[in-house]
Amino acid sequence: MTKLVIKKPDDWHLHLRDGELLKAVLPESERHFNRALVMPNLVPPITTVAQAIKYKDQILNLLPKGSDFKPLMTLYLTEDTSISEIKLGVETGVITAIKLYPAGATTNSSSGVNNFEKIKPVLEYMTNVGLPLCIHGEVTDSNVDIFDREAVFIEKILMPLRNDIPGLKTVIEHITTKTAVDYVRSENSDLAATITTHHLVINRNDILVGGIKPHYYCLPIAKREHHRLALLEAATSGETSFFLGTDSAPHVNTAKESACGCAGCFTATNSIPILAHIFEEQAALNKLEAFISINGATFYNLEPNKSFLTLSKGTPPISPNTISTIEGDITIFDPGYELNWQVL
Ligand code: NCD
Ligand code: ZN
């Protein structure tokens, strides 16, 4: 196969940042995606509907004329988030999902949740109105090894939470383990998982062997190879509970290449060509559309996009390694091989 026409993809987990970074990274997503679920971990975090409206307007104002890219907004859940704020988000149609960060789990998550009891009334309300909860699924206990934090979160937090609040539409985001794949498969259709591009490409050796690779460091951190293979199998299975959320998370190089580097891989630019490459290698190109364009929309009760994206295979175009911003360069994720699929 040398040409592939699929419905335009959606990105169900994206960091667009704000200010100069937003200006620089937005075109990279707009080029290939029709919709994106925009993460609220700005400084300060997007905790109110008014902030979400303002942020959405900022994004819309930067889109080129005629663009049909739609930012879908999220609210950052804190222990103080009120039901009335969520209700406002639902009734105005501004909010597509609520984002739960365990406090301290990742970049700009310090306002997140410590005490899960406190958010239960809000989660019950969300269940009643069918508003999805997107979860960064890692515990933050200092005595839990970083490579175990997702599995421990599923067992200690997510399973009890889902038992207490049955029917809550939940996305366990950017899964990195076979544990998560198996758990999602064992549950009903209220639970889904996003999988990133980079977690389909790298394992923990890629980060650490032969020298530390700061541009492969993200959270949740990439795990052992058998976990990557489980993610690959899930993503290419076509099963409706797995869909793309790139978690494209730009940081300027000086913040990544540092004695204490930030977590995040910037994959907005080349996610689609990388995924076409991977799916072809797995003899699963016929499942690519389900993973990037259909399953997520279905979970969110939205129609798949009406427009199409054409991919073609051939001599790879010369592609830049970085994008530049006024704040500094951002390194584009390097899959470690030449890409021969391109978006026309
Ligand atoms: C994200 C970021 O930089 O905002 N970083 C990351 O490693 N994925 C936050 C997140 O989604 O964890
Ligand atoms: Zn993220």
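The shown structure was predicted, so the numbers you read here are calculated from the model rather than taken from an experiment. One-based numbering, in listed order, for ligands and for the atoms of each.
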Can Glu155 and Arg149 be said to form a salt bridge (charged side-chain N to carboxylate O under 4.0 Å, His left out), step by step? CA-CA 10 Å; Glu155 192 198 323; Arg149 288 180 174 198; over 6 Å; no
Return the closest protein heavy atom for atom 8 (N) of ligand 1 as residue, atom name and distance. Asp247 OD2, 2.7 Å
Has ligand 1 got any nitrogen or oxygen that is less than 3.5 angstrom from a nitrogen or oxygen of Leu219? yes
Does Asn305 reach the main-chain N or O of Ser307 with its side chain, forming a donor-acceptor pair under 3.5 Å? no
Show the numbers, then the answer: is there a salt bridge (charged side-chain N to carboxylate O under 4.0 Å, His left out) between Glu289 and Lys7? CA-CA 7 Å; Glu289 188 181 47; Lys7 284 193 181 281; over 6 Å; no
Can you tell which part of Asn108 has a heavy atom less than 4.0 Å from ligand 1: side chain, backbone, both or neither? neither
Close side-chain approach of Arg228 to Leu200, heavy-atom, < 4.5 Å: no
Proximity to ligand 1 by part of His251, non-hydrogen separation under 4.0 Å: side chain
Quick one, Lys120 with Asp164, criterion salt bridge (charged side-chain N to carboxylate O under 4.0 Å, His left out). Give me CA distance, side-chain angles, the key distance, then yes/no. CA-CA 9 Å; Lys120 281 193 179 156; Asp164 281 2; 2.5 Å; yes
Going by the order shown, which atoms of ligand 1 are within less than 4.0 Å of some heavy atom of His13? 11 (O)
shortest atom 9 (C) of ligand 1-to-protein heavy-atom contact is with Thr106 OG1, 3.2 Å
Neighbouring protein N, O or S atoms of the Zn ion (ligand 2) [cut-off: under 2.8 Å, no waters]: His13 NE2, His15 NE2, Asp247 OD1
His13 and His174 aromatic ring geometry - parallel, tilted or perpendicular at 30°/60° bounds: tilted
Does any N or O atom in Tyr101 lie less than 3.5 angstrom from one in ligand 1, N or O only? no
Any idea which protein heavy atom is nearest atom 1 (C) of ligand 1, and the distance to it? His15 NE2, 3.6 Å
So which heavy atom on Leu77 is nearest to which on Val113, and how close? O-CG2, 3.9 Å
Against ligand 1, does Glu138 come closer than 4.0 Å with any heavy atom? no
4.0 Å heavy-atom contact, Glu173 with ligand 1: no
Under 4.0 Å to a heavy atom of Gly264 - the qualifying atoms of ligand 1, by number: 5 (N), 6 (C), 7 (O)
For Arg204, side-chain hydrogen bond (donor to acceptor under 3.5 Å, both in side chains) partners two or more places apart: none
Out of all atoms in ligand 1, which are within 4.0 Å of some heavy atom of Ala249? Include the element for each. 1 (C), 2 (C), 3 (O), 5 (N)
Show the nearest heavy-atom pair for residues Val343 and Leu309, with the distance to one decimal. CG1-CD1, 3.5 Å
Below the 3.5 angstrom mark, is there an N/O of Ala263, backbone or side chain, next to an N/O of ligand 1? yes
Taking 4.0 angstrom as the limit, do Asp11 and Arg35 come out as a salt bridge? no
Would a 4.5 Å heavy-atom cut-off, applied to side chains only, mark Thr176 and Ile221 as touching? no
Cluster partners of Met39, using ILVMFWY side-chain heavy atoms under 4.5 angstrom, listed by chain and number? Trp12, Leu37, Leu72, Tyr76, Tyr101, Val171, Phe243, Phe299, Tyr300, Leu302
Mode of Met39 contact toward ligand 1 - side chain, backbone, both, neither (heavy atoms, under 4.0 Å): neither
His136 heavy atoms within 4.0 Å reach ligand 1 at atoms 12 (O)
Applying side-chain hydrogen bond (donor to acceptor under 3.5 Å, both in side chains), which residue pairs with at least one partner in residues 335-344 are found, sequence neighbours left out? Glu280-Trp341
